[in-house]
There are 2 protein chains.
Amino acid sequence: MTTRLQNNGQSETKTKLVEAGIRLMRAKGYNATTVDDICGAAGMTKGAFFHYFKSKEDIARSAIESFRDGKSEEFQNAPFRKLEDPLARLHGRVDFVKASVGGPERLTKGCLVGVMAQEVSLTHPELRGLCQQAFARISEEVTRDLALAKDAYAPQTDFDPASVARFYVSIFQGSSMMAKASDTNTVLMDNMEHFRRYLNFLFAPANPASAK
Amino acid sequence: MTTRLQNNGQSETKTKLVEAGIRLMRAKGYNATTVDDICGAAGMTKGAFFHYFKSKEDIARSAIESFRDGKSEEFQNAPFRKLEDPLARLHGRVDFVKASVGGPERLTKGCLVGVMAQEVSLTHPELRGLCQQAFARISEEVTRDLALAKDAYAPQTDFDPASVARFYVSIFQGSSMMAKASDTNTVLMDNMEHFRRYLNFLFAPANPASAK
DNA sequence: ACGCACATACATACCAGTCGGTATGACAAC
DNA sequence: GTTGTCATACCGACTGGTATGTATGTGCGT
């Protein structure tokens, strides 16, 4: 309980290591990121690393959790969360995501969870579970707003809020991937608008028809 | 030009190596797949491997190209391609994708291009380019049908066929990722239905409004 | 003096890529 | 039709470097 422990009970060194791990794994993925890389980027030595983490998989675990909680908090504190209308909150979220990526040039760093999910799902079951959980958390947040908005504006329209929320997460993840491959953020921004339009359709006063 | 060369001018050994490479990289990604793995899975030795490929990156290149061309051909020969109406072809594509993944239980093996894009975009520029190109090819195919369908059914609706096509690719990729993380195909199948519904909205006779 | 936080050197394993070698078949010379 | 030459296809031990993880040490706060 001395100076080495800060706010949340984590040592500063450990925090720096996790942050470096997140940064590197977001860019290069899990396997291409070495422990030495992480130590170098964090300005620490291997001794420190293995003092806090029992393995590389262990820091990946911490990285996913920290990333998930950080993003979760970021969105929880975002201005759009203060909006009272649930549909407005959904639009606010879309705006927030678009604003977060900045412009078309400045590349998104991508989502750590997305990268990890593809790479380790079949080799590290525990990490796969964490990724799934991280996706679920976002999904649930969006589901809540969707359910409220549906009750308020489109109670008779036939759609499942949870399914639309997973659709949203998929769109975001797929867009991040395309952005990384195409070296521009335009796809991500465009796709957020497509999702917005989908919402507009779902919540249109006189909803034309359900799927096919 | 003897018996060792088959149909397309590729030796059978090389083909087997590439196929094993695709299989493994789809599952574990590029970095976690070792040359020995590939040789083992293909029933070949390192000697054969390095006879045909000058490096691991080299087979990754071949794998992406082969995967891209294989999928391209698979879709080109799919029954829905025979449909005359472009909008029907779009719906046919959605059906075809859903049918391809089988049921909710049987896991998709995921898209090689998607896995590679996340993992190597920032470290192997040439592979990134190949991934981008592979995405672009699907995207262009879908764009053609969307443009024709728009001309035929919704000429005054405000949407860009190319952008909607990229939206489709993103949805598919994001869905594959979620499927891998959640160990079920339901997300992928649900999301195809959401895309179908988006199409229905875009092509609805009396289109309500453009985005926001 | 004891444990925590970190540093350094080391052990071990593994992986991409190499290298010398062999088997096979095509073609030519005679 | 046998022998010699050459190229292609393939084999598998080996190497050099690098990765994860360990063993041991050291300073410091209490």
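So you know, we letter chains A, B, ... as the sequences are listed, proteins then strands, and number each from 1. Any value given below was found using the heavy atoms of this structure, including those in side chains, with hydrogens, waters and symmetry copies removed.
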Inset, instruction - Give Tyr52(B) one of three labels, base, sugar-phosphate or nothing, depending on what nucleic acid heavy atoms sit under 4.0 Å from its own. - result: sugar-phosphate
State yes or no: are the ring centers of [X] and [Y] separated by less than 6.0 Å?
X	Y	value
Phe159(A)	Phe203(A)	yes
Phe167(B)	Phe195(A)	no
His91(A)	Phe80(A)	no
Tyr30(A)	His124(A)	yes

Nearest-angstrom distance from the residue atom [atom1] of [X] to [atom2] of [N]:
X	N	atom1	atom2	result
Asp37(B)	dC15(C)	CG	P	7 Å
Lys56(B)	dG17(C)	NZ	C1'	12 Å
Asn31(B)	dA19(D)	CG	C1'	13 Å
Gln10(B)	dT8(D)	CD	P	17 Å
Met25(B)	dA16(C)	CE	C1'	12 Å
Met44(B)	dT8(D)	CE	P	19 Å
Leu24(B)	dA16(C)	CG	C1'	16 Å
Ile59(A)	dA19(D)	CD1	P	16 Å

Which one, [options], comes nearest to the side chain of [X]?
X	options	value
Asp36(A)	dG17(C), dC6(C), dT20(D)	dT20(D)
Val35(B)	dC10(D), dA16(C), dT20(D)	dA16(C)
Phe50(A)	dG17(C), dG21(D), dC6(C)	dG21(D)

Inset, instruction - Map His51(A) and Lys46(A) onto DNA chain C by nearest heavy atom, then report which one ends up closer to the 5' terminus. - result: His51(A)
Inset, instruction - Would you kindly say whether Thr184(A) and Thr186(A) are connected by a side-chain donor-acceptor distance under 3.5 Å? - result: yes
Legend entry - Residue whose closest nucleotide on DNA chain D lies nearer the 5' end, Gly47(A) versus Thr34(A): Thr34(A)
